[in-house]
2 protein chains.
Amino acid sequence: MPDQKNVPQCEFLFVHQEIVDRVNQALPSEETLFDLAELFKVFGDSTRVKILYVLFEAEMCVCDIAQLLGMTQSAISHQLQVLKKSKLVKYRREGKTVFYSLADDHVRAILGQGMDHVTE
Amino acid sequence: MPDQKNVPQCEFLFVHQEIVDRVNQALPSEETLFDLAELFKVFGDSTRVKILYVLFEAEMCVCDIAQLLGMTQSAISHQLQVLKKSKLVKYRREGKTVFYSLADDHVRAILGQGMDHVTE
DNA sequence: CTTTCATATGAGCAACTGTTCATATATATA
DNA sequence: TATATATATGAACAGTTGCTCATATGAAAG
C-alpha cells in the first residue's frame with residue numbers, strides 16, 4: 001500500500017483516527033487476505049460448486065461427473081485440476097480410472113455457510 | 001443439461017447407477033447452485049475481502065476505507081456497489097458522507113470458515 | 001507392441017472483471 | 001446562486017477465466 005496515511009481525502013479520517021488504528025491492527029496480513037480471496041474464487045464458479053456438491057455424496061470418477069453434469073470430460077478435468085490445486089479435492093487412481101473426493105470437511109462447512117445465506 | 005444420461009462415456013456410470021441417482025436427488029437446484037457460486041464470487045476478490053474485514057471492526061465512510069486500503073475512492077465505491085447488490089453491506093447517509101457496515105452476521109461466518117481453511 | 005479407454009493438458013477464443021479516468025449526483029455552506 | 005466536498009457511475013482497457021478442440025499421457029487388454 002502506498003504511504004498516503006497522512007494525506008486525508010475527507011475530514012472523517014482524522015475524526016475516526018482511533019477506529020482507523022484499531023482496524024489496522026485487526027486486519028489480517030495482505031498475504032492472508034489474498035489467500036482467502038483466492039480460496040473463495042475457487043468456490044465462485046457454478047461448475048466447481050456442482051462438482052463439490054456431487055462429491056458431497058460420493059467419490060466419483062471424472063467421466064461420471066461429466067455425465068451427471070452434462071458437460072465434457074475436458075471441462076470437468078480442467079476444473080478438477082483447479083480444485084486439486086486448491087486442495088479442496090483429493091484423488092485415488094484405480095486402473096485407468098481416477099476417483100475424486102472431497103479433501104476434508106472444511107469444504108462442506110464453507111459451502112454450508114454460503115448455502116445458509118443463499119437459501120434464507 | 002443435454003440428454004446424455006443414457007450414453008455412458010465410461011463403464012463406471014452404470015456400475016454406480018445407484019450413486020448417480022442418489023447424487024441427482026441430493027443436488028440442489030441449478031438456480032440455487034448458481035446463486036451460491038455468485039455469492040462466493042463476491043468474496044473472491046482481495047479488495048472486497050479487505051473492505052469486509054474493515055467493516056468487521058466498524059462502520060466506515062467510503063473515503064476512510066479508500067484511505068485505509070491505499071486505493072482510490074472510485075475503486076472502493078465500485079466495489080461497495082457490488083457488495084451492496086449482493087446484500088453483504090448496508091449503508092447510512094449522514095450529510096455528504098455515506099457510512100457502510102456489514103449487512104448481517106452471515107458475512108462474518110462465511111469469512112470465518114474460509115479463514116479457518118486458509119490459516120490452518 | 002498396438003489398441004483402447006480414462007484422464008490430463010496446452011492453445012486459442014469469447015466473455016467477464018477490476019481498475020482508472022472523467023464526469024455526474026447529492027448535500028452542505030457561503 | 002455558486003462553490004466545495006463526498007460519493008456514484010459510465011466508458012474504456014488490460015488482465016483473467018472457462019470452455020472447446022486437438023492432442024498427449026497412463027494403464028489395461030489383446
Side-chain angles (χ1 to χ4, degrees), chain A residues 1-2 7-16 33-34 37-38 40-51 59-86 89-101, chain B residues 1-2 4 7-16 33-34 37-38 40-52 59-86 89-101:
Chain A
M1 296 185 194
V7 187
Q9 294 173 355
C10 74
E11 63 182 270
F12 282 96
L13 184 65
F14 283 81
V15 172
H16 298 148
L33 292 170
F34 179 82
E38 288 301 299
F40 284 122
K41 203 170 287 179
V42 178
F43 287 94
D45 174 76
S46 283
T47 300
R48 288 191 293 266
V49 165
K50 286 178 194 169
I51 292 174
E59 73 169 6
M60 203 162 283
C61 68
V62 180
C63 106
D64 280 2
I65 299 173
Q67 197 66 27
L68 252 167
L69 302 184
M71 296 181 63
T72 66
Q73 174 270 324
S74 180
I76 297 300
S77 184
H78 273 297
Q79 297 300 358
L80 282 170
Q81 303 319 304
V82 174
L83 292 169
K84 198 165 74 179
K85 201 174 293 179
S86 310
V89 302
K90 57 189 176 186
Y91 65 100
R92 172 176 77 78
R93 180 143 220 152
E94 191 174 293
K96 287 174 292 188
T97 311
V98 178
F99 289 96
Y100 282 85
S101 57
Chain B
M1 293 184 194
Q4 301 182 325
V7 187
Q9 294 172 356
C10 74
E11 62 182 271
F12 281 96
L13 184 65
F14 282 79
V15 173
H16 299 147
L33 291 170
F34 180 81
E38 288 301 301
F40 284 123
K41 205 171 285 180
V42 178
F43 287 95
D45 173 76
S46 282
T47 299
R48 288 191 294 268
V49 166
K50 285 178 194 170
I51 292 174
L52 292 173
E59 72 168 7
M60 204 162 283
C61 69
V62 180
C63 106
D64 279 2
I65 299 173
Q67 197 65 28
L68 251 168
L69 302 183
M71 296 182 64
T72 67
Q73 174 270 325
S74 180
I76 298 300
S77 183
H78 273 296
Q79 297 301 359
L80 282 169
Q81 303 320 303
V82 174
L83 293 169
K84 196 165 75 180
K85 200 173 293 177
S86 309
V89 302
K90 57 188 176 187
Y91 65 101
R92 170 176 78 78
R93 177 143 222 151
E94 193 173 292
K96 287 174 293 189
T97 310
V98 178
F99 289 96
Y100 281 87
S101 57

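Reminder, nothing fancy here: chain letters follow the sequence lines and each chain counts from 1. Please read these numbers as outputs of a predicted model, since none were measured by experiment.
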Give the nucleotide from the list [options] with an atom nearest to the side chain of [X].
{"X": "B:Arg48", "options": "C:dG18, C:dA8, C:dT27", "value": "C:dG18"}
{"X": "B:Ser77", "options": "D:dG26, D:dT7, D:dC19", "value": "D:dT7"}
{"X": "A:Thr97", "options": "D:dT7, C:dT7, C:dT17", "value": "C:dT7"}
{"X": "A:Val62", "options": "D:dT5, D:dT7, C:dA8", "value": "C:dA8"}
{"X": "A:Ala75", "options": "C:dT19, C:dA8, D:dC19", "value": "D:dC19"}

Of all the heavy-atom pairs spanning [X] and [Y], show the shortest one and how long it is.
{"X": "B:Val49", "Y": "B:Phe43", "answer": "CG2-O, 3.0 Å"}
{"X": "A:Ser46", "Y": "B:Ala37", "answer": "N-CB, 3.5 Å"}
{"X": "A:Thr47", "Y": "A:Met71", "answer": "OG1-CE, 3.6 Å"}

Whole angstrom value for the distance that separates [atom2] of [N] from [atom1] of [X]:
{"X": "B:Leu80", "N": "C:dG18", "atom1": "CG", "atom2": "C1'", "result": "14 Å"}
{"X": "B:Glu38", "N": "D:dT17", "atom1": "CD", "atom2": "P", "result": "16 Å"}
{"X": "A:Ile76", "N": "C:dT9", "atom1": "CD1", "atom2": "P", "result": "15 Å"}
{"X": "B:Met71", "N": "C:dG18", "atom1": "CE", "atom2": "C1'", "result": "8 Å"}
{"X": "B:Arg92", "N": "D:dA6", "atom1": "CZ", "atom2": "C1'", "result": "14 Å"}
{"X": "B:Lys41", "N": "D:dT16", "atom1": "NZ", "atom2": "P", "result": "17 Å"}
{"X": "B:Phe34", "N": "C:dC16", "atom1": "CZ", "atom2": "C1'", "result": "12 Å"}
{"X": "A:Asp64", "N": "C:dA6", "atom1": "CG", "atom2": "P", "result": "10 Å"}

message: Let's test this: given Watson-Crick or G-U wobble pairing with both distances under 3.5 Å, identify the partner of D:dA22.
response: C:dT9
- request: Report the residue from A:Ile76, A:Val82, A:Leu68 that forms a side chain to side chain contact (heavy atoms under 4.5 Å, CB included) with A:Ile51.
  value: A:Ile76
Residue whose nearest DNA chain D nucleotide is more 5′ - A:Gly44 or A:Lys96: A:Gly44
Sidechain-backbone polar pair: B:Gln81 side chain, B:Ser77 backbone, donor-acceptor under 3.5 Å: yes
message: Has A:Arg93 got a side-chain atom pairing as donor or acceptor with A:Gly95's backbone, closer than 3.5 angstrom?
response: yes
Are [X] and [N] close enough that a side-chain N or O sits under 4.0 Å from OP1 or OP2?
{"X": "B:Ser74", "N": "C:dT19", "answer": "no"}
{"X": "A:Gln79", "N": "D:dC19", "answer": "yes"}
{"X": "B:Gln81", "N": "D:dT9", "answer": "yes"}
{"X": "B:Arg93", "N": "D:dA6", "answer": "no"}
{"X": "B:Tyr91", "N": "D:dA6", "answer": "no"}
{"X": "A:Tyr100", "N": "C:dA6", "answer": "no"}
{"X": "B:Thr72", "N": "C:dC21", "answer": "no"}

query: Do the side chain of B:Gln73 and the base of D:dA6 come within less than 3.5 angstrom through a donor-acceptor pair of N or O atoms?
result: no
- prompt: By centroid distance (under 5.5 Å) and plane angle (under 30°), are B:His78 and D:dT9 in a stacked arrangement?
  reply: yes
